[in-house]
Number of protein chains: 2
Amino acid sequence: MIGDKIRELREANNILLRQLAATLEMDTAMLSKMERGDRYFRKEDIVALSKIFKQPQKDLLTLWLADKVLKTIENEEHKKQALELALKTLK
Amino acid sequence: MIGDKIRELREANNILLRQLAATLEMDTAMLSKMERGDRYFRKEDIVALSKIFKQPQKDLLTLWLADKVLKTIENEEHKKQALELALKTLK
DNA sequence: AGTGACTTGACAAATTTTGGACAATATAGA
DNA sequence: TCTATATTGTCCAAAATTTGTCAAGTCACT
């Protein structure tokens, strides 16, 4: 999800995976995994990426956090109810 | 949240912390922390507790999972948007 | 002061997550 | 086919998180 977004931005800007990886000072394989959702971006990288691609930090961070939430509940039952309950609690 | 619920049930049934801890085969201190939200219940314990207190598994598991979700997002910004996004993605 | 119930903090042990390296493979274009 | 790019899997060590145990502490009551 956040990975798709980053890939989209990267391709729209004609930047190669290895170029972006170099900018973020990470291994190309790692960035590939991150874009595909195999691994998680670190929060600092998301912040850096929002600057690189001139996107509102909030948007990317929200995507990133939603991914994390989805990961915590994957493989569980009653996901929807739990999310709704969590949301209700928050408000 | 799930902890409050368990404590409520335990007290309504006049069971001592150490008695319930013994039933669940855990340290009293651990159960105390769990009820107070300091530590997490294991899923199996929630299942066991729903039997002990004759509660629908679903209800307790939902509470338990909502807690986990809230924990993953605590200390983050844009919690609400992220939860809403996650919920939307799920549907 | 003594007792029972519960809480708390410190700590080590166990487990999970993470970041990164590397190699093999795939894919597309010249 | 050769080359550049990207993907995928596996391995490793470091870091972080979780878990369990224990001792000491509080609190309320008698």
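Naming convention: chains lettered A, B, ... in sequence-line order (proteins, then strands); numbering from 1 in each chain.
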**Request:** Measure from CG on A:L16 to C1' on D:dT7 and round the result to the nearest Å.
**Result:** 15 Å

**Asked** Are B:L70 and B:L90 linked, directly or through other ILVMFWY residues, by side chains that come within less than 4.5 angstrom of each other?
**Response** yes

**Donor-acceptor contact below 3.5 Å, side chain A:R10 vs main chain A:I15** = yes

**Prompt:** Between the main-chain N or O of A:F41 and the side-chain N or O of A:W64, is there a donor-acceptor pair closer than 3.5 Å?
**Reply:** yes

**Request:** Would you mind reading off the distance between B:E74 atom CD and D:dT17 atom P, rounded to a whole angstrom?
**Result:** 11 Å

**Request:** Begin with the C-alpha distance, continue with both residues' side-chain angles, and end with the deciding distance and a verdict on side-chain contact (heavy atoms from CB on, under 4.5 Å) for A:L20 and A:L49.
**Result:** CA-CA 9 Å; A:L20 187 55; A:L49 286 164; 3.9 Å; yes

**Message:** Is there a side-chain contact between A:S32 and the phosphate of D:dT7, meaning an N or O under 4.0 Å from OP1 or OP2?
**Reply:** yes

**Item:** Between D:dT5 (P) and A:I15 (CD1): distance, integer Å
**Value:** 14 Å

**Item:** Below 4.0 Å: OP1/OP2 of C:dT7 and any side-chain N or O of B:R7
**Value:** yes

**Terminal axes of the helix from C:dA1-D:dT30 to C:dA30-D:dT1 (five pairs each): angle between them, nearest 10 degrees** = 30°

**Residue B:K43 excluded, over 12 heavy atoms near NZ under 6.0 Å** = yes

**Request:** Inspect the contact between A:E8 and A:K5 and indicate whether a charged nitrogen and a carboxylate oxygen are less than 4.0 angstrom apart.
**Result:** yes

**Message:** For B:E25, give me all partners under salt bridge (charged side-chain N to carboxylate O under 4.0 Å, His left out), at least two apart in sequence or on another chain.
**Reply:** none

**Message:** So, OP1 or OP2 of C:dT7: does either fall under 4.0 Å of a side-chain N or O from B:R36?
**Reply:** yes

**Request:** Treating Ile, Leu, Val, Met, Phe, Trp and Tyr as nodes and any side-chain heavy-atom pair under 4.5 angstrom as an edge, say whether B:M1 and B:L83 lie in one connected cluster.
**Result:** yes

**Prompt:** How does protein contact run along nucleotides 9-30 of chain C, one letter per nucleotide 5' to 3', with B for base contact, S for sugar-phosphate only, - for none, heavy atoms under 4.0 Å?
**Reply:** BB--------BBBB--------

**Message:** Distance check needed: D:dT17 C1' versus A:K68 NZ, whole Å only.
**Reply:** 13 Å

**A:T62 (side chain) donor-acceptor with A:K58 (main chain) under 3.5 angstrom** = yes

**Whole angstrom value for the distance that separates P of C:dA5 from CD of B:E35** = 15 Å

**Item:** Between D:dT5 (P) and A:L31 (CG): distance, integer Å
**Value:** 15 Å

**Asked** Roughly how many Å is it from NZ in B:K43 to C1' in D:dT19, rounded to a whole number?
**Response** 19 Å

**Request:** Check the distance between D:dG20's C1' and B:E44's CD and give it to me in whole angstrom.
**Result:** 15 Å

